[in-house]
Each structure stands twice: as C-alpha cells, then as structure tokens.
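Below: the structure, in structure tokens.
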Amino acid sequence: MNLILSELGWIKKNLSGWEPTKLGKSLGGKLFEHEVSGGTYVLWPDNIVNNKILIASLSETHTTTTETIPKSETSIKSANLDSFREKFPANFRTKDGHFVRSRAVVIIDNALYDYNLAHAYERKLPIEEDIYADFFIPSEGVYIEFWGLEDDPKYNERKKIKQEIYKKYDFKLIELNDSDISNLDDHLPKKLLKFGIKVY
C-alpha cells in the first residue's frame, strides 16, 4: 500500500520510513514514530478510503480491463484534453512499445528507455483536476512535460494552467522544450540529476 501512496505522491521515503508529502498533509496524512524501532509512518483520516484518486489507483492495480472500472472513473476527460488528443493522435511508436503523439516525444521516451528508467506515458496526476503528464518516473515521483507548441496561444494557456498545478501540489517536474530535444543527451541527464536520478 505504501508503494501505491508513494506513486500517488502522498508519501515519500525518509531515513527511517515514510513521511507525508505536502499533498499528503493536505489530505490529512500525519507523521508518527514507532515507540520501539523509531521508524516513521503515516496515519490517514478514516475518510481517505473515499478519496476518488485512491479508489481509481486501486482499481487500476487490481484490474486488467477498463470494462471493470466504473465508468465515472474511466471517463474523467476534459474537453481541452479530448480535443488535444483528437488533434494529435498517438501514431508514433517508441522502442519500448509506447504509441506517442510526436517525434520529439519519441526521442524523450527512447532516451528514458535507454537510461533504463521505468516510466509511464500520459500519466494522470493523482489529483482531482483532470491533468495528464507527458511522462512519469515512479521510482522518484518525477514528472516530465514537453512543451512543443509554444507559438499556439491555446497551448500556452494550457501550459500555464499545468505549471500552476504542478507548483500548487509541489510535484517534482522536469520541463523540456524544442531547444532541449536537439541535444537531449546533454540536457535531460542534467535535469534528472537535480532529482537524484543518475543515468551515466
């Protein structure tokens, strides 16, 4: 269960166990220390079992098809996201088999694969808002966003909203743009290293 809560960004490892993140504290998580071992752990309010994000995450963990997940959980889509996905279908295949929406995203995905970093593509953030990250590295709880259409006013508006949400919840975020893609092996390892991820 702690691994699921960690992937949701609600808790994080410390030297003696687990502690709540800023997001975890906002959901009522409280840090405690075991009297004998000194290990730390997080206790949650009883109503946490009704949290939609936790329920959806547990459903994903225990099901293999979306037919068995309640429709309300699988159909959480915004009009902006749907139109974006229609406009840019995932037609490009990466080394690890992901189908992605642009050649630049192929380059990023392939780099993560070559760095031996387990990663998810288009991962929903573990919050009520309907926001998806381009990539998620679960081992370190790091999200990656590629901002590729910076000449588009609607895209820039969407980018600003996403940046504010990452800041609001104190999520670890790596931002990439077109200038990073041409020399990704110079830029991405440096940005990953800031979050303790060494690839060379």
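All values below come from the heavy atoms of this structure, side chains included, with hydrogens, waters and symmetry mates left out.
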Centroid-centroid distance, Tyr143 to Phe135, less than 6.0 Å
no
Flag the pair Leu117 / Ile197 as yes when at least one side-chain heavy-atom distance between them is below 4.5 Å, and no otherwise.
yes
Could you pull out the closest heavy-atom pair between Leu125 and Ala133, with the gap in Å?
CD2-CB, 4.0 Å
Above 12 or not: heavy atoms from other molecules or residues under 6.0 Å from CZ of Phe92?
yes
Spatial distance of atom CG (Asn2) from atom CH2 (Trp10) [nearest 0.5 Å]:
12.5 Å
Where does the angle between the aromatic ring planes of His119 and His98 fall among parallel (under 30°), tilted (30 to 60°) and perpendicular (over 60°)?
perpendicular
Donor-acceptor under 3.5 Å (Asp152 side chain, Tyr155 main chain):
yes
Check Asp114 with Lys95, please: is the shortest side-chain N to carboxylate O separation under 4.0 Å?
yes
Side chains of Tyr166 and Glu175: any donor to acceptor distance under 3.5 Å?
no
Mind listing the closest non-hydrogen atom pair of Lys172 and Gly141 along with its distance?
CB-O, 3.7 Å
Would the distance check show the side chain of Thr40 and the main-chain N or O of Glu19 forming a donor-acceptor pair, the cut-off being under 3.5 Å?
no
Write down the atom of Trp44, the atom of Gly24, and the distance for their closest heavy-atom approach.
CZ3-O, 3.5 Å
Distance, nearest 0.5 Å, that separates NZ of Lys198 from CG of Leu193:
7.5 Å
Any idea which heavy atoms bring Asn177 and Phe146 closest together, and the distance?
C-CE1, 3.6 Å
Tightest non-hydrogen contact, residues Ser182 and Ser179, listed as OG-O, 3.2 Å
Spell out, as yes or no, whether a donor-acceptor pair under 3.5 Å connects the side chain of Lys124 to the backbone of Ile127.
yes
Looking at Glu35, I'd like to know if its CD atom is crowded, meaning that more than 12 non-hydrogen atoms belonging to other residues, nucleotides or ligands lie closer than 6.0 Å.
no
Is Lys13 close enough and on-axis enough to Trp18, meaning under 6.0 Å and within 45°, for cation-pi?
yes
Please indicate whether Asp151 has more than 12 foreign heavy atoms, meaning atoms of other residues, nucleotides or ligands, lying under 6.0 Å from its CG.
no
Rounded to the nearest 0.5 Å, what separation is found between the CG atom of Asp180 and the CG atom of Asp185?
12.0 Å
Per side chain to side chain contact (heavy atoms under 4.5 Å, CB included), Tyr121 is matched among Thr94, Leu112, Val105 by Val105
Taking all non-hydrogen atoms of both residues into account, name the closest pair between Gly29 and Pro45 and its distance.
N-CD, 4.4 Å
